Amino acid sequence: MEAVMVRYGEIFLKSEPVKRRFISIMTGNISLALEAEGLTHCIETPRGRILIFGDEPRRIAALVARTFGVVSVSVCTVTTAAINGLAAAAVEHAERHLRPGMSFAVRARRSGVAGFNSQELGAAVGSAILDRVPEATVDLTTPDYEVFVEAREFGGFVYDEKISGPGGLPYGTQEEVMALLSAGIDSPVASWLMMRRGCRMVHVHMHSGRFGGADGERNVLQNHARLSAWVPGHPLDLLVADMEPFFEVVTALKEPRYRCILCKRFMLRVASILAGERGAYALVNGDNLGQVASQTLANMTVIAPAASVPVLRPLIGFDKEEIVDRARAIGTFEAHPGNVGCTVAPRYPSTAAPAATIALIEEELDVESLAARAAGTVRRYRAKNGEVEEAG
């Protein structure tokens, strides 16, 4: 019989009540993901592991490896916890991979099983493999092939492959946050990172209207849909607010260099209103220290007070190439995004806008009224399992 073994990381360090709650949420998320693909399954949660039984273990493993909180996944042969049973299964695995001249190692673990220790288990399994494949050699440092055997109180398990998962915490173990989602590279990665830390997510996009590129909203919806595929079975909401009236008054200002600062503050104002309506605990954006003029430390200090809830910046210390690599890995990178530019951005933006000057300009523009107006224009979309539709 085969089963999928799921390993988790820092969850194991939690107190027993918290650990049980987190594992329950994670197994629920796993079930939602498998049900979305029509995969029948049964989940067991012995100490330190999650075991999934089903007719298509490899498909199950591939899906579960995308579940937040999962460190790694393996398709295992299930045996008794006795040395003979584990050795026989390990030999079957090794025969499929070992060739004359190749080296191998046995990685053995024992927990809750009496009569032998991990070293004795590893030696016995290694001896059985050499009996069957005598041309192979043992190399415990840099082997060509590794086979893992685990003897536990709930059974024996043999596997030779680990599929890495995203790690983090199970989705839904933390409160709701609201991420400002754009058509660019950074903000989808910022959202994904907070989802990976267990935050329930809602997205908000500030639509630029005629001041933005023609492909902007299409790309935002695409990002939203792709991120929803990481939390299958869960609905993911997107709120789209109209920024065009704000841009009309900002572009009329005599001093263009403060436009980006005013725009960022305005977005935080609008998002804060929407967060308050939903009860979201924080805002999330894709700020990356020093990447552009509005993301200097001086300007972020001026921008942040516009929010009425905390602003989380998970990308703050990333290099740009790190962000691009992560975007490629999670599936949100778009090599040819089309026309997503902003016509409001000045040629020479300020890198250190004076807070007093910004406050005077905002008073003149009556940004509070403009923000309330923008928050009242929201269009709603809902994505689920990678598909998005307008929700009114």
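Owing to the predicted nature of the structure, the values given are computational and were not obtained by experimental measurement.
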Distance check, rounded to the nearest 0.5 Å: [X] atom [atom1] versus [Y] atom [atom2]?
{"X": "L262", "Y": "L253", "atom1": "CG", "atom2": "CG", "result": "6.5 Å"}
{"X": "I52", "Y": "I43", "atom1": "CD1", "atom2": "CD1", "result": "5.0 Å"}
{"X": "I273", "Y": "E368", "atom1": "CD1", "atom2": "CD", "result": "8.5 Å"}
{"X": "S191", "Y": "L227", "atom1": "OG", "atom2": "CG", "result": "5.0 Å"}
{"X": "L86", "Y": "T80", "atom1": "CG", "atom2": "OG1", "result": "6.0 Å"}
{"X": "I25", "Y": "N29", "atom1": "CD1", "atom2": "CG", "result": "7.5 Å"}

What is the minimum heavy-atom distance between [X] and [Y], and which atoms define it?
{"X": "A293", "Y": "P349", "answer": "CB-CG, 3.6 Å"}
{"X": "L297", "Y": "L289", "answer": "N-CD1, 3.8 Å"}
{"X": "A87", "Y": "V125", "answer": "CA-CG2, 4.0 Å"}
{"X": "A190", "Y": "G286", "answer": "CB-CA, 4.0 Å"}
{"X": "S103", "Y": "P143", "answer": "OG-CA, 3.4 Å"}
{"X": "A65", "Y": "I163", "answer": "CB-CG2, 3.6 Å"}

Between [X] and [Y], is there a side-chain N and carboxylate O pair less than 4.0 Å apart?
{"X": "R379", "Y": "E389", "result": "no"}
{"X": "R132", "Y": "E95", "result": "yes"}
{"X": "R278", "Y": "D237", "result": "yes"}
{"X": "R58", "Y": "E2", "result": "yes"}
{"X": "R47", "Y": "E16", "result": "yes"}
{"X": "E334", "Y": "R226", "result": "yes"}
{"X": "R110", "Y": "E153", "result": "no"}
{"X": "E362", "Y": "R269", "result": "yes"}
{"X": "E44", "Y": "R49", "result": "no"}

N/O donor-acceptor pair under 3.5 Å between [X] side chain and [Y] backbone:
{"X": "T27", "Y": "I23", "value": "yes"}
{"X": "T296", "Y": "T351", "value": "yes"}
{"X": "N219", "Y": "V340", "value": "no"}
{"X": "S127", "Y": "A124", "value": "no"}
{"X": "R196", "Y": "P166", "value": "yes"}
{"X": "H224", "Y": "L236", "value": "yes"}

Legend entry - Pi-cation contact, W230 with R66 (under 6.0 Å, within 45°): yes
I'd like to check [X] versus [Y] (side-chain heavy atoms, cut-off strictly below 4.5 Å). Are they in contact?
{"X": "V189", "Y": "I330", "answer": "yes"}
{"X": "V324", "Y": "F318", "answer": "no"}
{"X": "F148", "Y": "C76", "answer": "no"}
{"X": "R200", "Y": "M195", "answer": "no"}
{"X": "F154", "Y": "L51", "answer": "yes"}
{"X": "M26", "Y": "I50", "answer": "yes"}
{"X": "I358", "Y": "R265", "answer": "yes"}
{"X": "M194", "Y": "L312", "answer": "yes"}

More than 12 heavy atoms of other residues, nucleotides or ligands under 6.0 Å from [atom1] of [X]: yes or no?
{"X": "F333", "atom1": "CZ", "result": "yes"}
{"X": "E255", "atom1": "CD", "result": "yes"}
{"X": "E135", "atom1": "CD", "result": "yes"}
{"X": "D55", "atom1": "CG", "result": "no"}

Legend entry - Chi angles and distances behind the side chain to side chain donor-acceptor pair (under 3.5 Å) call for S74, R7: CA-CA 9 Å; S74 295; R7 303 173 193 84; 2.9 Å; yes
Legend entry - Candidate pair D160 and R96, rule salt bridge (Lys or Arg N to Asp or Glu O under 4.0 Å), full reasoning: CA-CA 11 Å; D160 55 17; R96 291 196 290 266; 5.2 Å; no
Inset, instruction - Show your working on side-chain contact (heavy atoms from CB on, under 4.5 Å) between R313 and M300 and close with a plain yes or no. - result: CA-CA 11 Å; R313 301 178 176 89; M300 285 194 288; 3.7 Å; yes
Determine whether the side chains of [X] and [Y] contain a donor N or O and an acceptor N or O closer than 3.5 Å.
{"X": "D186", "Y": "Q291", "value": "yes"}
{"X": "R382", "Y": "S228", "value": "no"}
{"X": "S182", "Y": "H205", "value": "no"}
{"X": "E150", "Y": "Y159", "value": "yes"}
{"X": "E217", "Y": "H207", "value": "yes"}

Legend entry - Residues in side-chain hydrogen bond (donor to acceptor under 3.5 Å, both in side chains) contact with D139, at least two apart in sequence or another chain: T142
Inset, instruction - Tell me, with the steps shown, if E248 and R210 meet salt bridge (Lys or Arg N to Asp or Glu O under 4.0 Å). - result: CA-CA 10 Å; E248 288 173 349; R210 70 179 189 275; 3.0 Å; yes
Inset, instruction - Please step through side-chain contact (heavy atoms from CB on, under 4.5 Å) for the pair L181 and V204, ending with a clear verdict. - result: CA-CA 6 Å; L181 187 67; V204 59; over 6 Å; no
Inset, instruction - Establish, yes or no, whether a centroid distance under 6.0 Å links the rings of F104 and Y145. - result: no
Inset, instruction - Assert yes or no for the condition that the ring centre distance of H234 to Y171 is strictly below 6.0 Å. - result: yes
Inset, instruction - I would like to know whether L238 and L221 meet side-chain contact (heavy atoms from CB on, under 4.5 Å); could you show each step before the answer? - result: CA-CA 8 Å; L238 168 66; L221 291 172; 3.6 Å; yes
Legend entry - Stepwise side-chain contact (heavy atoms from CB on, under 4.5 Å) check, D287 with K264: CA-CA 11 Å; D287 281 351; K264 283 288 192 81; 3.3 Å; yes
Legend entry - Aromatic plane relationship, F68 with W192 - under 30° parallel, 30 to 60° tilted, over 60° perpendicular: perpendicular
Inset, instruction - Give the intermediate values and the outcome of salt bridge (Lys or Arg N to Asp or Glu O under 4.0 Å) for residues D242 and R373. - result: CA-CA 9 Å; D242 183 10; R373 177 181 172 185; over 6 Å; no
